[in-house]
Amino acid sequence: MTRKAYVIGAGPNGLAAAIVLAQAGLQVDVMEAESTPGGAARTLELTLPGFRHDFGSAVYPLGAGSPFFSSLPLIDHGLEWIHSPAALAHPLDDGTAVMLERDLLETRNSLGIDGPAWDKLLRPYAERWTELAPEVLRPLPFIPRHPWLMARFGMVALQSARAVARRFRKERTRALFAGLAAHSFLSLDEPLSAAFAIMMAAPAHAVGWPIPRGGAQSLTNALCGYLSTFGSNVQTSSRVESLAALANVFPEYDLTLCDLTPRQLVEIAGGRLSERYKQRLGRYRYGAGVFKVDYALNAPIPWKAPECLRAATVHLGGGFEEIAASEKTIRMGQNAERPFVLLAQPSVFDNSRAPAGKHTVWAYCHVPNGSKENVLEKLEDQIERFAPAFRECILARRVFSPADLEGMDANLVGGDIGGGAMDIRQFLFRPTSQHYATSARDIYICSASTPPGGGVHGMCGYHAAKMALSRWGGG
Ligand SMILES: Cc1cc2nc3c(=O)[nH]c(=O)nc-3n(C[C@H](O)[C@H](O)[C@H](O)COP(=O)(O)OP(=O)(O)OC[C@H]3O[C@@H](n4cnc5c(N)ncnc54)[C@H](O)[C@@H]3O)c2cc1C
């Protein structure tokens with residue numbers, strides 16, 4: 001008899017879990033609350049007709065560098081990666097920009113006296129990305145397959161971004177490193193913040209920071225397309241309110257994998273979980289939120305530094321100290337006066353995102369979890385600082401507060417886009433020491449609230465499904 005599994009939530013991790021289970025021969029049904037699959041990997045007309053915006057994620061170093069996604073025939077299902085000439089631009093107040101080139105040697109040459117230090121820091125991980133990625137995109141292994149590589153990585157990654165940035169002598173390079181580390185949502189003085197800079201920069205040199213032609217939805221559609229070859233489909237507009245109610249209607253399911261964060265898991269599966277496990281989930285902490293704006297523009301952004309138009313992603317926040325101060329303020333629960341802004345300009349490289357001659361832009365900054373403050377002006381001031389007259393290009397904008405984001409994807413609790421804070425404790429115990437397993441033998445958690453955490457890589461779903469299969473004897 002074919003064994004059956006439910007996956008709740010069709011984000012990248014839910015879809016990855018569903019694919020692993022389907023590959024193992026299970027019949028898989030995916031239930032998705034929203035009308036379009038993808039979670040924080042969806043593309044929607046959020047402003048004007050013909051302008052296609054990424055609701056959540058937009059740029060995919062870890063998607064292109066994911067060991068699991070790379071093993072799937074996603075290209076056969078319509079996925080096409082587009083690489084901008086440079087991975088990232090980081091403009092500065094002097095009207096120039098420091099560039100993270102895809103090519104490590106080119107970056108080394110462009111960084112002047114800091115070039116050798118950049119090369120020395122990144123080359124071991126960029127050159128051995130295919131060995132490093134499976135080791136770091138999983139729960140911390142007791143016995144790594146590449147112990148020397150992991151030991152070397154650990155020695156740098158566990159440090160604060162500030163400590164590692166001391167290797168660089170020029171403020172430009174330190175600014176670049178700060179922007180990369182700020183993806184952590186940690187203070188740049190905290191341990192582990194350097195890990196994020198490495199985990200952003202190494203894939204830039206190894207696999208690039210690509211965008212999917214057509215937007216995030218193309219990646220989701222490719223995952224759904226491949227899943228459908230096993231006879232499994234995603235049932236959209238199907239929010240699961242209670243696992244018990246689901247089991248009453250469909251008692252024959254052997255496994256349930258939840259692409260949910262701990263709070264939602266307790267809400268829908270509470271009756272099936274032990275009190276002790278629920279208490280442990282109750283201690284799980286969510287991270288800072290984001291405030292996001294999607295723009296329809298009548299022209300490309302008029303950057304002071306024209307080289308910014310060579311990169312799909314632009315980091316706006318000035319130098320190291322300014323970014324560090326803004327991230328520290330947010331970590332302390334307050335809004336920053338000059339927030340660090342992450343911006344993507346996909347239509348410069350993908351003409352399917354906007355009508356001819358027009359452009360879409362995606363930008364967000366970090367805010368305290370659940371913040372209700374409207375920081376639109378602060379965010380746009382940061383863009384105008386490096387692109388005067390930006391506001392004159394705006395045809396329409398759509399603003400998402402943390403609550404608006406959560407309203408469109410219940411996993412974005414308080415606007416937290418990473419499924420929970422990623423400090424040392426929640427790096428090791430995510431969401432508990434059991435990782436994907438819960439107190440119920442047939443229920444697993446597979447979202448970004450499990451290792452390796454946030455980002456579109458599908459590795460949380462992959463490892464959760466592998467654990468479920470091996471414990472249950474189906475792997
Ligand atoms: C604004 C923003 C920008 C980002 N930028 C990037 C980026 O550029 N690159 C990158 O790699 N990552 C980025 N991320 C992070 C990345 O998108 C997430 O870490 C990733 O999507 C997590 O995948 P997931 O499957 O765990 O959760 P999600 O993608 O959040 O998917 C969860 C799914 O579960 C569904 N669901 C929830 N509750 C229920 C229920 N009760 N019943 C049924 N379905 C339910 C939701 O509707 C959703 O579809 C960004 C996220 C956001 C929001």
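Indexing begins at 1, ligand by ligand and atom by atom, following the structure's order. What's counted below: heavy atoms across the whole structure, side chains too, no hydrogens, waters or symmetry copies.
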* In plain terms, say whether D423 and R430 are close enough for a salt bridge, that is, a side-chain N and a carboxylate O under 4.0 Å apart. => no
* Counting from 1, what ligand 1 atoms have a heavy atom of L260 closer than 4.0 Å? -> 37 (C), 38 (N), 39 (C)
* To do: Flag the pair E34 and R239 as a salt bridge only when some basic side-chain nitrogen lies within less than 4.0 angstrom of an acidic carboxylate oxygen.
  => yes
* Heavy atom of P12, distance to ligand 1 below 4.0 Å -> yes
* Asked: What is the closest protein heavy atom to atom 4 (C) of ligand 1, and at what distance does it sit?
  -> S57 CA, 3.4 Å
* If you have a sec, work out which protein heavy atom is nearest atom 32 (C) of ligand 1 and how many Å separate them, to one decimal? => N411 ND2, 3.3 Å
* Structure fact -> atom 25 (O) of ligand 1 has as its nearest protein heavy atom D259 OD2, 2.7 Å
* Is the closest heavy-atom distance from L62 to ligand 1 below 4.0 Å? -> no
* To do: Considering only non-hydrogen protein atoms, determine which one is nearest to atom 34 (O) of ligand 1 and report residue, atom name and distance to 0.1 Å.
  => G9 CA, 3.2 Å
* To do: Decide yes or no on salt bridge (charged side-chain N to carboxylate O under 4.0 Å, His left out) for R338 and D381, but give the supporting numbers first.
  => CA-CA 8 Å; R338 298 226 277 182; D381 283 349; over 6 Å; no
* With heavy atoms only and a cut-off of under 4.0 Å, state how N13 meets ligand 1: side chain, backbone, both or neither. => both
* Asked: What atoms of ligand 1 come within less than 4.0 Å of a heavy atom belonging to Q264?
  -> 37 (C), 38 (N)
* **Contact atoms of ligand 1, heavy-atom distance to S447 under 4.0 Å** => 26 (O)
* **Side chain, backbone, both or neither: L412 near ligand 1, heavy atoms under 4.0 Å** => side chain
* Look only at interatomic distance and state if V240 has a nitrogen or oxygen under 3.5 Å from any nitrogen or oxygen of ligand 1. => yes
* **Flag, side chain of E135 to backbone of L132, donor-acceptor distance under 3.5 Å** => no
* **Donor-acceptor pair between Q217 and T220 side chains, under 3.5 angstrom** => no
* Heavy-atom gap L405 to ligand 1 smaller than 4.0 Å -> no
* Subset of ligand 1 atoms that lie under 4.0 Å from at least one heavy atom of S238 -> 43 (C)
* **Interfacing atoms of ligand 1 (cut-off 4.0 Å, heavy-atom, A58)** => 7 (C), 8 (O)
* Verify ring pair (Phe, Tyr, Trp, His ring centres under 6.0 Å) between H457 and F68, making sure each step is shown before the conclusion. => CA-CA 8 Å; H457 40 62; F68 180 56; over 10 Å; no
* Asked: Run the side-chain hydrogen bond (donor to acceptor under 3.5 Å, both in side chains) check on N221 and S218 step by step: do they pass?
  -> CA-CA 5 Å; N221 290 351; S218 304; 5.7 Å; no
* Determine whether the side chain, the backbone, both or neither of W362 has a heavy atom under 4.0 Å from any heavy atom of ligand 1. => side chain
* Options A40, G415, S242, ranked by nearest heavy atom to atom 17 (O) of ligand 1, top entry -> A40
* Between NE2 on residue H53 and OG1 on residue T47, distance to nearest 0.5 Å -> 2.5 Å
* Please identify which atoms of ligand 1 are closer than 4.0 Å to at least one heavy atom of M31. => 43 (C), 44 (N)
* Any N or O of G455 closer than 3.5 Å to N or O of ligand 1 -> yes
* Asked: Counting from 1, what ligand 1 atoms have a heavy atom of K292 closer than 4.0 Å?
  -> 1 (C)
* Structure fact -> In this structure, CD1 of I82 is separated from CZ of R353 (nearest 0.5 Å) by 7.0 Å
* Asked: When Q382 is tested against each of R385, E380, K378 for side-chain hydrogen bond (donor to acceptor under 3.5 Å, both in side chains), which residue passes?
  -> R385
* **A41, any N or O under 3.5 Å of ligand 1 N or O** => no
* Which one of I417, D416, I8, D294 has a non-hydrogen atom at the shortest distance from atom 51 (C) of ligand 1? -> I417
* Asked: Would you call R398-D294 a salt bridge at under 4.0 Å N-O?
  -> no
* What atoms of ligand 1 come within less than 4.0 Å of a heavy atom belonging to G454? -> 19 (O)
* Asked: Below 6.0 angstrom between ring centroids: does that apply to Y60 and F69?
  -> no
* Electrostatic pair D442-R272, nearest N-O below 4.0 angstrom -> yes
* Relative to the ring of H183, is the ring of W209 parallel (under 30°), tilted (30 to 60°) or perpendicular (over 60°)? -> perpendicular
* Within-cut-off N or O pair, A33 and ligand 1, under 3.5 Å -> yes
* Looking only at non-hydrogen atoms, which of A448, G458, A17 approaches atom 22 (C) of ligand 1 most closely? -> A448
